[in-house]
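So the structure is just underneath, and the comments pick up after that.
Numbering of ligands and ligand atoms starts at 1, following listing order. For the numbers below, each heavy atom of this structure counts, side chains included, while hydrogens, waters and symmetry mates do not.
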Amino acid sequence: MKKIIRIAVIGGDGIGPEVLAEGIKVLKKVSEIDGSFEFEFTDFPWGCQYYLETGKMMPDDGIEQLSRFDAIYLGAVGWPGVPDNISLRGLLLKIRRSFDQYVNIRPVRLLSGAPCPLKDVRCEDIDMIVIRENSEGEYSGEGAWLYRGKPNEVVIQHDVFSRAGTERIVRYAFELAQKTGKTLTSVSKGNALNYSMVFWDSIVKEVAQDYPEVSWNSVLADAACMFFVKKPQRFGVVVASNLFGDLITDLGAAIAGGMGLAAGANINPERKYPSMFEPIHGSAPDIAGKGIANPLAAIWSASQILDFFGYDNLGKKVIDSIEKLLVEAKVLTPDMGGSASTSEVGDAFIRLLK
Ligand code: IPM
Ligand code: MN
């Protein structure tokens, strides 16, 4: 009997649904070629349009509805007219938090044929995996806003670093470094953040004791940004807090082909809850509805779905096909210097897979 993998699809806003459509084409094709499993997709019309109609980004029982799926495939969240903190706290961040998706895996890998703004780098120089803490830290959402609008107005935004939360992400990164044979770099900022990051550094040191064969080091976040540009080859597995991970992965995307290629997986490693897969480029209102959005990041995140369900060989096949498409450079969207539409790229991709 065929294994069925049930995917909740939240296209969301702007180009989200357009790019997911191509990722879904790819997943369908890959499972058809393999023959041992099948994806079942269910659409959820949530996002900013839904908010403008109902006052909510998703229904009250949205999380409960999603909990019945094996995974979530998310397009993009955010649209002019709905404040970002409302749309994101009401959907993307709510899902990450509710399903304890505490690991955010963001590959930063330069494929052949992908544009790179750095001078004199080879593909093998940029090949890292950033493990971003995804459940607490600077994104705790805790704080206070006192005396609004008064001269003595005060705003407090708390970072929350729990021992359990810090240990589990650092351990995940060390496990990955051990498994892949890559070095591990912890990105922090203990010279300025005297509680959160001094604590983070001490946990990294502690956990490292359990992995004597992993070679690791700690780099200050500002220096890490400099090294991403100057010496990207020094990074293998990188582990960082929620906000630092956010910042360095945009920088990572910029050096490894651009946002048009950047994918991220929000993982609950215990598999108690569904994990979520997304291109990280956002809704791109300026080109939404024109059919020219680059679907390659959504397709890359489809490969992360395949990896997650144990079909690594197929995930790799998808990445190899992205590389072929880039090297051929015949069917690409305008952001990559081509003139193809979103669906033309998807169709060309399917032909390559066969
Ligand atoms: C990302 C995004 C989100 C984040 C925003 C949209 C809240 O930038 O997934 O990287 O900061 O996590
Ligand atoms: Mn980001």
N-O pairing of Lys317 and Asp320 below 4.0 Å:
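Here Lys317 does not pair with Asp320 in a salt bridge, since their nearest N and O are not under 4.0 Å apart.
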
For [atom], find the nearest protein heavy atom and state the residue, atom name and distance (0.1 Å precision).
| atom | answer |
| --- | --- |
| atom 10 (O) of ligand 1 | Asp246 OD1, 2.8 Å |
| atom 3 (C) of ligand 1 | Leu92 CD2, 4.0 Å |
| atom 11 (O) of ligand 1 | Tyr139 OH, 2.5 Å |

Centroid-to-centroid, Phe309 to Phe39, below 6.0 Å?
no

Between Ile24 and Val9, is any pair of side-chain heavy atoms under 4.5 Å apart?
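Yes - at least one pair of side-chain heavy atoms lies under 4.5 Å apart.
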
Checking contacts here: is it the side chain or the backbone of Glu138 that comes within 4.0 Å of ligand 1, counting heavy atoms only? Could be both or neither.
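For Glu138, there is no contact with ligand 1 at all, from either part.
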
Which segment of Arg96 sits under 4.0 Å of ligand 1 when only heavy atoms are counted
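The part of Arg96 near ligand 1 is the side chain, not the backbone.
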
Give a yes/no verdict on whether any heavy atom in Arg89 is under 4.0 Å from an atom of ligand 1.
no

Check: [X] side chain, [Y] main-chain N or O, donor-acceptor pair, under 3.5 Å:
| X | Y | result |
| --- | --- | --- |
| Ser188 | Asp201 | no |
| Asn266 | Met276 | yes |
| Glu133 | Glu136 | yes |
| Asp127 | Glu124 | no |

ring-ring contact (aromatic ring centres under 6.0 Å, His included) partners for Tyr172, two or more places apart
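If we apply the ring-ring contact (aromatic ring centres under 6.0 Å, His included) test to Tyr172, skipping adjacent residues, there are no hits.
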
Counting no waters, how many protein N/O/S atoms sit under 2.8 Å from the Mn ion (ligand 2)?
1

Cut-off 3.5 Å, no hydrogens considered: what does the side-chain donor-acceptor table look like for residues 112-120, sequence neighbours left out?
{"residue": "Ser112", "atom": "OG", "partner": "Glu323", "partner atom": "OE2", "Å": "3.2"}

Looking only at distances, can you tell me whether any N or O atom of Glu278, backbone or side chain, sits closer than 3.5 Å to an N or O atom of ligand 1?
no

Show me the side-chain donor-acceptor pairs of residues 139-150 shorter than 3.5 Å, one per line, residues at least two apart or across chains.
{"residue": "Tyr139", "atom": "OH", "partner": "Arg132", "partner atom": "NH2", "Å": "3.3"}
{"residue": "Tyr139", "atom": "OH", "partner": "Asp246", "partner atom": "OD2", "Å": "3.2"}
{"residue": "Ser140", "atom": "OG", "partner": "Glu142", "partner atom": "N", "Å": "3.1"}
{"residue": "Ser140", "atom": "OG", "partner": "His158", "partner atom": "O", "Å": "2.8"}
{"residue": "Trp145", "atom": "NE1", "partner": "Glu153", "partner atom": "OE2", "Å": "2.7"}

Of all the atoms in ligand 1, which lie at a distance below 4.0 Å from a heavy atom belonging to Leu88?
6 (C), 7 (C)

